[in-house]
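Let me begin by presenting the structure, written as structure tokens, before commenting on it.
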Amino acid sequence: IKPTCDSEGERRKDCTLCDNFVTEILDKLPIVYTITVDIDGKETVINLPEDGIYSLSTPSKLGYTFLGFFEGDREFNASGVVTESKSITAKFQLSETKTFNELKTRIDGGVDKILLASDITLTDTIYVTGNTEITAKGNYTLTRDASFLGELFVLGEDNLGNNLILKDKKAALTIKP
């Protein structure tokens, strides 16, 4: 077992005469470089051995599209070799919401922002809290499905009592009966 900078390794030596073996513990590799990854303000430090080889997992964020890792304004490859420690940031772009399922999944998942980009037919109640900001690329209509008889929205308010379905008049939502 090869050692890494996070765990010891192990080498087995076999005796061909007596069928016995000896196990030797190999020291951890020294940490030479680190990559500090900032994902939405939460930093994770990845320790790298002296070869500097790394491979980063693609992060996900509900309601957003991952744009890549960046060191300042420069894109940073998700895998490669570094010759010095690095600090990088994962960047995301708000995804468009075009279907009821996307809208419900994002609201139920507690996303902070939703960007409507289509007319949507509502088939279930949507519970919006003060943590979700809904905006739109234009004026879109939310239509009640004929078979759905429940409440359309249960609205939360921010600490000033503002309704967050319409925020700064960025979203114009019309509900048809």
Side-chain angles (χ1 to χ4, degrees), residues 1-16 19-120 126-138 140 156 158 164-165 167-168 170-171:
I1 302 170
K2 291 184 176 183
T4 67
C5 54
D6 295 317
S7 63
E8 295 173 335
E10 188 175 280
R11 180 184 306 149
R12 180 176 159 157
K13 294 182 181 180
D14 293 305
C15 176
T16 56
D19 283 339
N20 287 332
F21 65 90
V22 175
T23 303
E24 178 184 0
I25 301 297
L26 303 173
D27 291 337
K28 294 179 185 180
L29 294 177
I31 296 171
V32 177
Y33 306 116
T34 61
I35 297 178
T36 303
V37 183
D38 180 329
I39 301 174
D40 275 350
K42 182 179 178 188
E43 289 188 347
T44 301
V45 177
I46 301 168
N47 296 319
L48 303 175
E50 58 189 54
D51 63 8
I53 296 173
Y54 69 93
S55 181
L56 303 173
S57 301
T58 302
S60 62
K61 182 177 174 182
L62 183 62
Y64 289 79
T65 302
F66 176 64
L67 298 177
F69 295 105
F70 289 82
E71 183 178 23
D73 292 333
R74 274 193 6 230
E75 191 162 4
F76 185 84
N77 289 326
S79 62
V81 177
V82 294
T83 57
E84 62 185 359
S85 293
K86 300 284 185 177
S87 291
I88 62 173
T89 302
K91 291 192 180 180
F92 297 89
Q93 178 179 355
L94 187 60
S95 298
E96 294 181 347
T97 301
K98 296 181 179 180
T99 69
F100 174 76
N101 285 339
E102 288 174 342
L103 178 64
K104 181 124 175 96
T105 298
R106 290 172 184 171
I107 287 174
D108 290 349
V111 299
D112 56 347
K113 294 181 182 183
I114 293 175
L115 176 63
L116 295 180
S118 176
D119 292 336
I120 296 177
I126 296 175
Y127 296 89
V128 181
T129 68
N131 298 326
T132 303
E133 175 184 333
I134 300 177
T135 59
K137 291 181 89 172
Y140 293 107
D158 65 14
L164 296 177
I165 291 292
K167 186 168 178 90
D168 299 328
K170 291 180 184 174

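Numbering starts at 1 and runs along the sequence shown.
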Donor on one side chain, acceptor on other, Y33 and D51, under 3.5 Å
no
Holding to side chain to side chain contact (heavy atoms under 4.5 Å, CB included), I want the full list of residues that pass it with T65, two or more places apart in sequence or in another chain.
S95
Residues 32-47 vs salt bridge (charged side-chain N to carboxylate O under 4.0 Å, His left out), sequence neighbours excluded, gives D40-K61
From L115 atom CG to R106 atom CZ, the distance as rounded to the nearest 0.5 Å:
9.0 Å
Before you tell me yes or no, could you show the steps for T99 and I120 under side-chain contact (heavy atoms from CB on, under 4.5 Å), namely the whole-Å CA-CA distance, both residues' side-chain angles and the distance that decides it to 0.1 Å?
CA-CA 6 Å; T99 69; I120 296 177; 5.9 Å; no
Set out, in order, the CA-CA distance, both residues' side-chain angles and the distance that settles side-chain contact (heavy atoms from CB on, under 4.5 Å) for K113 and T135, then state yes or no.
CA-CA 8 Å; K113 294 181 182 183; T135 59; over 6 Å; no
V32 versus S85, closest heavy-atom pair with distance
O-OG, 4.3 Å
Would you check if I46 and V37 make a side-chain contact, meaning some heavy-atom pair closer than 4.5 Å?
yes
L116 versus K137: any side-chain heavy-atom pair under 4.5 Å?
no
Nearest 0.5 Å, please: how far is CZ in F70 from NZ in K91?
5.5 Å
Quick one: side chain to side chain contact (heavy atoms under 4.5 Å, CB included) partners of E71, sequence neighbours excluded?
R74, F76, K86, I88
For N77, which residues count as a side chain to side chain contact (heavy atoms under 4.5 Å, CB included) partner, sequence neighbours excluded?
Y54
Tell me, please, which residues at least two apart from V45 pass side chain to side chain contact (heavy atoms under 4.5 Å, CB included).
T34, T36, N47
So which atom in S118 and which in Y140 form the shortest heavy-atom distance, rounded to 0.1 Å?
C-CD2, 3.4 Å
What are the two closest non-hydrogen atoms of A90 and P59, and how far apart are they?
CB-CG, 4.0 Å
Kindly write out the residues that satisfy ring pair (Phe, Tyr, Trp, His ring centres under 6.0 Å) with F69, not counting sequence neighbours, or none if the list is empty.
F66
Trace of the side-chain contact (heavy atoms from CB on, under 4.5 Å) decision for K104 with N101
CA-CA 5 Å; K104 181 124 175 96; N101 285 339; 5.6 Å; no
Look at atom NZ of K98 and say whether more than 12 heavy atoms of other residues, nucleotides or ligands are closer to it than 6.0 Å.
no
Min side-chain heavy-atom separation I114-I107 under 4.5 Å:
yes
Hey, are the side chains of T105 and L62 touching, using non-hydrogen atoms and a 4.5 Å cut-off?
yes
